[in-house]
Amino acid sequence: MSKSTLTRRGVLRTGAVAGAGVALPTIFTSSSASAFTNEPTGGSVTLGFNVPQTGPYADEGADELRAFELAVEHLNGGGDGGMLNTFSSKTLDGTGILGKKVEFVTGDTQTKSDAARASAKSMIEKDGAVMISGGSSSGVAVAVQGLCQEAGVIFMAGLTHSNDTTGKDKKANGFRHFFNAYMSGAALAPVLAKQYGTDRKAYHLTADYTWGWTQEESIKAATEALGWETVNTVKTPLAQTDFSSYIAPVLNSGADVLILNHYGGNMVNSLTNAVQFGLRDKLVNDKNFEIVVPLYSRLMARGAGENVKGIFGSTNWHWSLQDEGSKAFVQSFGTKYGFPPSQAAHTCYVQTLLYADAVQRAGSFNPCEVAAALEGFEFDGLGNGPTLYRADDHQCFKDVLVVRGKENPESEFDLLEVVEVTPRAQVEYAPDHPMFAGGSLGSCNPGA
């Protein structure tokens, strides 16, 4: 089994340096003799994995790191090969990338944009990372994507769900495999209409940053199109841990649905507060009061425990899928770590393979040649069925899952059930859709 050449102590030291914001030699100039930023010249190539190891999204970050390490192991020919065996592209053969052994460094985003940029900057300048991936916050993703554009490296976004990442803040050097808030609304609304009807009054609690804003906008538009009335929309700080003061007004608002545009630890706490206040036991407007969590994850469901039973949401991927790619990934991840992977782990593993494959097909680490290989790339075998990396905005298009908290789970991992696989065609939109308007993809930057 192949392992990273970095020791755990070395990894921690890297994170500490990044967190301290130590001044490092800049490469963001044209003085380098290299053809592009961090052109690998030896027998190895370094990738930078930037994840939240602290903060409200730390659970997702921990699972992302596990997936990154597994992807590197498979690229270097270790383990059982995982999704390399099911990926429709057959250019990767377990000998690294273009014959170079894959190494990696890590950083802690702290779920804060400034910390994430400092961490990514250190990995690019100090460690020579030729690609940055990871993150579990759209605010972080937008910030790091901008940095990678300036630095001339590829950014393969991890978990980021804001429309802005491939909307007004899209960049030529940035690519997103994860789905987005518009897709959640498009997939979820028909299911909500079927379950709860078209005459509903909704109250939104929304994380106050780019993801929450576009999630609220997307689900609000989708449910209002059904005939639902939006009673109120209230923003909550990302650092909020007790949502009691936000739940009490819901009871007197006349709403019969609470939509929690929260993720990670925020969602766990707000849903727990809502259940403690007895919202799920209320009868309002002659209807059972309902709660909806538009963006779900198994890690969140585990944190919220029995409170998630019967609650609908959407997710990018789930370990119970039975396609060959998903089964291969679950087998590899489960064998290595002893439990099934999350959607965050899946998207980060896949992004790493997609980057490596693009380099292999391009025959170069030059970010502009890699970007060209990713644009318009169609593939299969990595879960979610046939998928397109759209050239217009660097957004992946694939099937979207609608899930529900399971009433009778058989284990601590069996918490969500897939109730509908929404076809890709139902969640597609034009590149100039108003929710994605503004900004420009611009031109690829090779850096040095």
Side-chain angles (χ1 to χ4, degrees), residues 1-4 39-40 43-47 49 66-104 130-131 133 154-158 175-179 316-317 319 321-336 341 343 345-391 394-399 424 444:
M1 180 179 295
S2 175
K3 294 185 177 179
S4 163
E39 180 178 7
S44 65
V45 59
T46 301
L47 309 182
F49 300 142
R66 297 183 188 104
F68 281 133
E69 184 172 353
L70 185 64
V72 169
E73 179 179 306
H74 291 165
L75 289 173
N76 286 332
D80 60 10
M83 283 182 168
L84 289 184
N85 300 313
T86 61
F87 190 14
S88 56
S89 178
K90 300 300 180 186
T91 62
L92 297 168
D93 58 5
T95 59
I97 307 175
L98 290 182
K100 297 182 184 295
K101 183 178 181 181
V102 182
E103 300 179 350
F104 68 93
V130 71
M131 178 275 273
S133 186
I154 291 290
F155 176 59
M156 300 295 282
F175 292 82
R176 170 163 65 178
H177 169 266
F178 206 69
F179 72 150
N316 189 62
W317 176 86
W319 65 273
L321 290 176
Q322 291 301 302
D323 63 278
E324 292 305 312
S326 296
K327 288 194 294 185
F329 180 54
V330 172
Q331 174 69 32
S332 295
F333 193 98
T335 299
K336 188 174 180 67
Q343 64 171 349
H346 170 256
T347 205
C348 287
Y349 176 93
V350 168
Q351 283 284 68
T352 308
L353 263 54
L354 287 170
Y355 170 79
D357 175 74
V359 172
Q360 199 83 14
R361 287 187 289 110
S364 171
F365 287 96
N366 186 315
C368 294
E369 295 185 38
V370 176
L374 285 167
E375 289 180 338
F377 181 51
E378 294 188 74
F379 58 91
D380 202 350
L382 300 182
N384 301 84
T387 303
L388 166 69
Y389 237 131
R390 187 161 71 179
H394 296 182
Q395 172 66 56
C396 266
F397 287 87
K398 55 191 182 301
D399 295 346
R424 171 175 137 188
C444 174

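Being a predicted model, the structure only gives us computed values, none of them experimental.
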Do Glu73 and Lys336 meet the salt-bridge criterion of a basic N to acidic O distance under 4.0 Å?
yes
Show the numbers, then the answer: is there a side chain to side chain contact (heavy atoms under 4.5 Å, CB included) between Met156 and Leu374?
CA-CA 11 Å; Met156 300 295 282; Leu374 285 167; 3.9 Å; yes
Asp93 side-chain N/O to Thr95 backbone N/O, donor-acceptor pair under 3.5 Å:
yes
How far apart are the closest heavy atoms of Leu70 and Ser332, and which atoms are they?
CD2-CB, 4.0 Å
If we ignore hydrogens and angles and just use 3.5 Å, is the side chain of Thr46 paired with the main-chain N or O of Ser44 as donor and acceptor?
no
Excluding sequence neighbours, so at least two apart, what forms salt bridge (charged side-chain N to carboxylate O under 4.0 Å, His left out) with Glu324?
Lys327
What heavy-atom pair brings Leu47 and Val130 nearest, and what distance separates the two atoms?
CD2-CG1, 4.0 Å
Residue pair Ala373 / Ala362: nearest heavy atoms and the distance that separates them:
CB-CB, 4.3 Å
Is there side-chain contact between Arg424 and Leu388, with at least one heavy-atom pair below 4.5 Å?
yes
Validation row, ring centre Trp317 to ring centre Phe178 under 6.0 Å
no
Mind checking what makes side chain to side chain contact (heavy atoms under 4.5 Å, CB included) contact with Ala328, not counting sequence neighbours?
Thr86
Pairwise side-chain contact, His346 with Met83, heavy-atom cut-off 4.5 Å (strictly under):
yes
Output, in order, the C-alpha distance, side-chain angles, deciding distance and verdict of side chain to side chain donor-acceptor pair (under 3.5 Å) for Gln395 and Arg390.
CA-CA 6 Å; Gln395 172 66 56; Arg390 187 161 71 179; over 6 Å; no
Evaluation steps, side chain to side chain contact (heavy atoms under 4.5 Å, CB included), between Glu39 and Phe365
CA-CA 7 Å; Glu39 180 178 7; Phe365 287 96; over 6 Å; no
Excluding sequence neighbours, so at least two apart, what forms salt bridge (charged side-chain N to carboxylate O under 4.0 Å, His left out) with Asp399?
none
For residues 66-96, pull every pair meeting ring pair (Phe, Tyr, Trp, His ring centres under 6.0 Å), keeping only residues two or more places apart or in separate chains.
Phe49-Phe68, His74-Tyr349
What is the distance from atom CG of Leu92 to atom CD1 of Ile97, rounded to the nearest 0.5 Å?
7.5 Å
Nearest 0.5 Å, please: how far is CD in Gln343 from SG in Cys348?
10.5 Å
Is Thr335 reaching over with its side chain to a backbone N or O of Gln331, donor-acceptor style, under 3.5 angstrom?
yes
Decide side chain to side chain contact (heavy atoms under 4.5 Å, CB included) for Lys398 and Asn316; before the verdict, give the C-alpha distance in whole Å, the side-chain angles of both, and the deciding distance to 0.1 Å.
CA-CA 9 Å; Lys398 55 191 182 301; Asn316 189 62; 3.2 Å; yes
Using side-chain heavy atoms (C-beta onward) and a distance below 4.5 Å, is Phe329 in contact with Pro341?
yes
Given the side-chain rings of His394 and His177, with only the six-membered ring counted for Trp, is the space between their centroids under 6.0 Å?
no
What's the separation between atom OG in Ser88 and atom CZ in Phe377, rounded to the nearest 0.5 Å?
5.5 Å
Where is the tightest heavy-atom contact between Val102 and Leu75, given as atom of each residue plus distance?
CG2-CB, 4.2 Å
Side chains of Leu353 and Leu84 in contact at under 4.5 Å (non-hydrogen atoms):
yes
dist Phe379:CZ -> Cys396:SG (nearest 0.5 Å) comes out at 4.0 Å
Output all residues satisfying ring-ring contact (aromatic ring centres under 6.0 Å, His included) with Phe179, sequence neighbours left out; order by chain, then residue number.
His161
Got a donor-acceptor contact below 3.5 angstrom from the Asn384 side chain to the Ser326 backbone?
no
For the residue pair Cys444 and Ala371, what are the closest heavy atoms and their distance?
SG-CB, 4.5 Å
Taking only residues at least two apart or on different chains, which pairs with a member in residues 350-365 satisfy side chain to side chain donor-acceptor pair (under 3.5 Å)?
Ser89-Asp357, Thr91-Asp357, Gln351-Tyr389, Asp357-Arg361
Side chain proximity check, Leu354 to Leu382, heavy atoms < 4.5 angstrom:
yes
